[in-house]
2 protein chains.
Amino acid sequence: MRKTIAKEAILKTINESDTALSQAEIQAILPDGLCNRVTIYRVLDRLVEEKSVHQITNIDGVVKYANCHSCSTEHKHDHIHFNCEKCNVVTCVEDVEPTFKLPSNYQINQLNFMVSGVCPDCLDS
Amino acid sequence: MRKTIAKEAILKTINESDTALSQAEIQAILPDGLCNRVTIYRVLDRLVEEKSVHQITNIDGVVKYANCHSCSTEHKHDHIHFNCEKCNVVTCVEDVEPTFKLPSNYQINQLNFMVSGVCPDCLDS
DNA sequence: AATTTAATGCAACAAAGTTGCTTTAACAAA
DNA sequence: TTTGTTAAAGCAACTTTGTTGCATTAAATT
Ligand SMILES: [Mn+2]
Ligand SMILES: [Mn+2]
Ligand SMILES: [Zn+2]
Ligand SMILES: [Zn+2]
């Protein structure tokens, strides 16, 4: 994957954010005119394929992207994600990995665990 | 909520299915011309509000609807859902409820736990 | 049977994402 | 440094999916 202005800016946006971002949110953050909206879609696809970012599907169906925090050895993204219904923010709860026991005759490729409610910040205010 | 032909047919379709169904899938199952596609959207919204069916957001963002199986006392839907990448079917794995420990300063309203991979049926074939 | 109003049908609209194709620019080789 | 190759970007058109407004229909209550 070539090191283009759009790719660098989008990856930087995701990595500097402490919440998961959608295409629309990334577009809003990027300097106006930095790149076409189609380019954002295409760069995001490539970043996911390249395993440079994680993909989360929010409880409302909107796809969000988050930085790979501790994926140096292995690309892993099995923690819980929290969707705040007040501030509409999705965060990686990196230290909370759920446990569950599916029968062994299921082949597991991917997890998407969403918890929705009200975040600590919105609760005390 | 009034007992209409569309509502009865849609609820029956969901209840008779052993997999979760999307609006598009329900529309394909219903007899042609039974009701307008907009009606399906509106009936589904009401069935969810009325707590007659459960709502699941698949890993691809598509919303699916499943019957309330053991919700006579309480409307609860915290088990895992499995998305098969081969047969493209979403099933409720009713007996597998994940455990996780979020800090108490999170207010939890709703869960959406998806596991994606290959289902037992598709594995041995 | 008459009344009320929830529910439906239909058309138009809106949001979100995709595709085809031309042009641009990253980057490697000469 | 120039040249060639092709991935990536821009742009317009399109598709898909879901929503809204409003007139009409039909459930349910009296
Ligand atoms: Mn995450
Ligand atoms: Mn279920
Ligand atoms: Zn919040
Ligand atoms: Zn399958």
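To find a chain, count down the sequence lines: A is the first, B the second, and so on, and within it residues start at 1.
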Student: In this structure, how many angstroms lie between the P atom of dG18(D) and the CD atom of Gln55(B), rounded?
Tutor: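 Spelled out: CD on Gln55(B) to P on dG18(D) is 11 Å.
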Student: Nearest nucleotide by nearest heavy atom, which residue falls closer to the 5' end of DNA chain D, Leu34(A) or Gln23(B)?
Tutor: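 Here Leu34(A) is the residue nearer the 5' end.
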Student: What's the closest nucleotide to the side chain of Arg37(B) if the choices are dT19(D), dA26(C), dT19(C)?
Tutor: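 For Arg37(B), the side-chain atoms sit closest to dT19(D).
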Student: Quick one: Leu30(B) CG to dG9(C) P, roughly how many Å, whole number?
Tutor: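 In whole Å, dG9(C) P and Leu30(B) CG are 11 Å from each other.
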Student: In terms of side-chain heavy atoms of Arg46(B), which of dG18(D), dG10(D), dA7(C) is nearest?
Tutor: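 Selected nucleotide (nearest to the side chain): dA7(C).
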Student: Please report, rounded to the nearest Å, how far the P atom of dA8(D) is from the CD atom of Glu49(A).
Tutor: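 Distance check: Glu49(A) CD to dA8(D) P gives 10 Å.
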Student: When you get a sec, tell me which of dG9(C), dA16(C), dA8(D) is the closest nucleotide to the side chain of Arg2(A)?
Tutor: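 Nearest listed nucleotide: dA8(D).
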Student: Does any donor atom in the side chain of Gln107(B) or Asn109(B) lie under 3.5 Å from an acceptor atom in the other side chain?
Tutor: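 Looking only at side-chain atoms, Asn109(B) and Gln107(B) do form a donor-acceptor pair, the distance falling under 3.5 Å.
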Student: How long is the line joining OH of Tyr41(B) and C1' of dA14(C), in whole Å?
Tutor: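 Taking atom C1' of dA14(C) as the reference, OH of Tyr41(B) is at 13 Å.
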Student: Rounded to the nearest Å, what distance is computed from the CD1 atom of residue Ile40(A) to the C1' atom of nucleotide dA15(C)?
Tutor: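 So the two atoms are 16 Å apart, to the nearest Å.
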Student: Between Phe113(A) and Phe82(A), is the ring centre distance below 6.0 Å?
Tutor: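 No: the rings miss the under 6.0 Å criterion.
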Student: Regarding Thr91(B) and Thr19(B), do their side chains bring together a donor and an acceptor under 3.5 Å, going by distance alone?
Tutor: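 No - no donor-acceptor pair under 3.5 Å links their side chains.
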Student: Think Thr4(B) has a side-chain N or O under 4.0 angstrom from the OP1 or OP2 of dA7(C)?
Tutor: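 So the side-chain polar atoms of Thr4(B) never come under 4.0 Å of the phosphate oxygens OP1 or OP2 of dA7(C).
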Student: Would you kindly compare Met1(A) and Ala24(B) by the position of their nearest DNA chain D nucleotide and give the one closer to the 5′ end?
Tutor: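 Nearest-nucleotide comparison on DNA chain D picks Met1(A).
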Student: Can you tell me the distance, in whole Å, between the CD atom of Glu8(B) and the C1' atom of dA26(D)?
Tutor: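 Atom-to-atom, Glu8(B) to dA26(D), this comes out as 15 Å.
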Student: What is the separation between atom CD1 on Ile5(B) and atom C1' on dT25(D), rounded to the nearest whole Å?
Tutor: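 Spelled out: CD1 on Ile5(B) to C1' on dT25(D) is 11 Å.
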Student: Would you confirm whether Glu8(B), through its side chain, and Ile5(B), through its main-chain N or O, come within 3.5 Å as a donor-acceptor pair?
Tutor: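 Not a single qualifying donor-acceptor pair exists.
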Student: Please report the distance, rounded to the nearest Å, between CG in Asp45(A) and P in dA8(D).
Tutor: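 Taking atom P of dA8(D) as the reference, CG of Asp45(A) is at 12 Å.
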Student: Parallel under 30°, tilted from 30 to 60°, perpendicular over 60°: which one fits the rings of His54(B) and His77(B)?
Tutor: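 Parallel, since the angle between the ring planes stays under 30°.
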Student: For Val38(B) and Lys7(B), take the nucleotide of DNA chain C holding the closest heavy atom to each; which residue's nucleotide lies nearer the 5' end?
Tutor: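 First, find each residue's nearest nucleotide; the 5'-ward one identifies Lys7(B).
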Student: Which nucleotide sits closest to the side chain of Arg42(B): dA7(C), dG18(D), dG9(C)?
Tutor: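 So the side chain of Arg42(B) is nearest to dG9(C).
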Student: Tell me which nucleotide among dG10(D), dA9(D), dT17(D) gets nearest to the side chain of Asn36(A).
Tutor: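 Selected nucleotide: dG10(D).
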